[in-house]
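So the structure is just underneath, and the comments pick up after that.
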Number of protein chains: 2
Amino acid sequence: MAYQNALGALADPTRRSVFERLLDGPQPVGRIAKGMPVSRPAVSQHLKVLKEAGLVTDRAEGTRRVYCIDPHGLAAVRRYLDQFWDQALAAFAAEAEKAPEKPQEGE
Amino acid sequence: MAYQNALGALADPTRRSVFERLLDGPQPVGRIAKGMPVSRPAVSQHLKVLKEAGLVTDRAEGTRRVYCIDPHGLAAVRRYLDQFWDQALAAFAAEAEKAPEKPQEGE
DNA sequence: ACTTACGGTAAGTTAAAACTTACAAAACTG
DNA sequence: CAGTTTTGTAAGTTTTAACTTACCGTAAGT
């Protein structure tokens, strides 16, 4: 599952709210949309994006559609960030040394 | 530093490229922009967003401006995701029991 | 079979954000 | 001091994406 999609999906505040609401447990669309500042179809569209990003799964339950957190998408983003963490620390450490002093010329 | 900004900043592919380029080490704007599919001012704007998100820092070096990875923004996003990881796993595990027919995707 | 509830999708509108060119400020160079 | 280099910012355009209303299919209840 591509981390790119998951990152993009979680970037939108409204969509993030939808995602976070599912952390309380699997819920049908109507329940998720209830109390949201946007319309029910908007929530459906957000769920579609989240699903394509591997962040949620869905299951039919009668006429309702129950959505649930899918750890795969979250894991993909975590892996992406972890991959760079050491490099980021190293780059920052290297910078910290020349930061306060005037750097030498030449390249 | 708000994880929201960092998340939004990393969502854009071009901006992510700028960020990833800095993982090789601190670089001035011109160097970063070189080889990019967008104009130099566009890169400057991306750097501004990354800076406001706490993902990079900048330092003046003569007429050049050297940008460097800032771990703080990255750390904020990691914390945000880690905070939900256990809950996500729990929600998924609970779901897996109800849907024993198709625990994984495929088809 | 008819009716009601639930939710996905289409079409269209509106708001945001990414990109471009043009310009201006600051600092080296000769 | 005049000219060049390097970068940030303003203004304006274009592309993207978020949201709304309207509609259709499917499943359950009477």
Side-chain angles (χ1 to χ4, degrees), chain A residues 2 4-22 26-53 55-68 70 95 98 101-107, chain B residues 2 4-22 26-53 55-68 70 95 98-99 101 107:
Chain A
Q4 294 99 337
N5 297 337
L7 257 179
L10 291 176
D12 182 70
T14 305
R15 197 153 46 221
R16 204 160 49 228
S17 292
V18 171
F19 178 77
E20 291 176 8
R21 186 160 296 207
L22 283 176
Q27 292 170 47
V29 178
R31 175 102 70 90
I32 301 170
K34 192 147 196 168
M36 278 277 177
V38 296
S39 68
R40 202 256 324 146
V43 172
S44 266
Q45 289 162 8
H46 282 307
L47 285 168
K48 184 179 184 181
V49 174
L50 289 171
K51 182 180 172 185
E52 287 171 354
L55 286 163
V56 305
T57 60
D58 63 334
R59 150 178 61 101
E61 184 165 314
T63 163
R64 309 210 180 87
R65 199 140 258 275
V66 177
Y67 280 82
C68 176
D70 183 356
E95 182 71 357
K98 7 174 124 172
E101 305 293 338
K102 184 189 180 305
Q104 77 283 6
E105 297 296 323
E107 61 173 331
Chain B
Q4 293 98 338
N5 296 338
L7 214 45
L10 291 177
D12 181 71
T14 305
R15 197 154 46 223
R16 205 161 47 229
S17 291
V18 171
F19 178 77
E20 292 177 6
R21 186 160 294 207
L22 283 176
Q27 293 169 47
V29 178
R31 175 104 70 88
I32 300 170
K34 193 147 196 170
M36 279 275 177
V38 296
S39 68
R40 200 241 348 131
V43 172
S44 264
Q45 289 163 9
H46 282 307
L47 285 168
K48 183 180 184 180
V49 174
L50 289 171
K51 182 180 172 184
E52 286 171 356
L55 286 163
V56 304
T57 59
D58 62 335
R59 151 178 60 102
E61 184 165 316
T63 163
R64 300 194 196 80
R65 192 133 205 113
V66 177
Y67 281 82
C68 176
D70 182 355
E95 181 72 357
K98 295 190 178 181
E101 308 184 21
E107 175 172 359

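Proteins get letters first, then strands, A, B, ... in listed order; numbering begins at 1 in each. Here the structure is a predicted model, which means the values were calculated and not measured. All heavy atoms count here, side chains included; hydrogens, waters and symmetry mates do not.
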If the sugar-phosphate is the primed atoms plus P, OP1 and OP2 and the base is the rest, what is the B/S/- string for nucleotides 12-25 of chain C, using protein heavy atoms under 4.0 Å?
------SBBBB---

Which nucleotides of nucleotides 24-30 of chain D have their base under 4.0 Å from a protein heavy atom (B), which only their sugar-phosphate (S), and which neither (-), written as one string 5' to 3'?
---SS--

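Within the 4.5 Å cutoff, no side-chain heavy atoms of A/Asp12 are placed close to those of A/Val18.
Note that NZ of B/Lys51 is 14.5 Å distant from CG of B/Asn5, once rounded to the nearest 0.5 Å. Note that the CG atom of A/Leu10 and the CG atom of B/Leu10 stand 11.5 Å from one another [nearest 0.5 Å]. The OH atom of A/Tyr67 sits 9.5 Å away from atom NZ of A/Lys48, with the distance rounded to the nearest 0.5 Å.
With sequence neighbours left out, the side chain to side chain donor-acceptor pair (under 3.5 Å) criterion links A/Arg65 to A/Asp58. When the side chain to side chain contact (heavy atoms under 4.5 Å, CB included) test is applied to B/Gln45, no partner is found at least two apart in sequence or on another chain. In terms of the side chain to side chain contact (heavy atoms under 4.5 Å, CB included) criterion, residue partners of B/Thr57 (sequence neighbours excluded) are, by chain and number, B/Cys68, B/Asp70. Contacts of B/Glu20 classified as side chain to side chain contact (heavy atoms under 4.5 Å, CB included), with partners at least two apart in sequence or in another chain: A/Tyr3, A/Tyr80, A/Phe84, B/Arg16, B/Leu23. Residues passing the side chain to side chain contact (heavy atoms under 4.5 Å, CB included) test with B/Arg21, sequence neighbours excluded: B/Gln27, B/Ile32, B/Met36.
Between the P atom of C/dG7 and the CG atom of A/Asp58 lies a distance of 12 Å, rounded to the nearest Å. Distance, A/Arg64 CZ to C/dA5 P: 12 Å, rounded to whole Å. Taking atom CD of residue A/Glu52 and atom C1' of nucleotide C/dT9, one finds them 13 Å apart after rounding to whole Å. In this structure, CD1 of B/Ile32 is placed 14 Å from P of D/dT6, rounded to the nearest angstrom. Between the CZ atom of A/Arg16 and the P atom of D/dA18 there is a distance of 12 Å, rounded to whole Å. Going from atom CZ of B/Arg31 over to atom P of D/dT7 covers 11 Å, rounded to whole Å. In this structure, B/Leu50 atom CG and D/dG8 atom P are separated by 12 Å, rounded to whole Å. C/dC6 atom C1' lies 13 Å from atom NZ of A/Lys34, rounded to whole Å.
Relative to the axis of its first five pairs, the axis of the last five pairs of the helix from C/dA1-D/dT30 to C/dG30-D/dC1 sits at 20°, rounded to 10 degrees.
For A/Ala9 against A/Arg15, the heavy-atom pair with the smallest separation is O-NE, 2.8 Å.
Applying the 4.0 Å criterion to OP1 and OP2 of D/dG8, one finds that B/Tyr67 has a side-chain N or O inside that range.
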Donor-acceptor contacts, no H, no angles, side chain residues 37-44 of chain A, under 3.5 Å, sequence neighbours left out:
residue : atom : partner : partner atom : Å
A/Ser39 : OG   : A/Ala42 : N            : 3.4

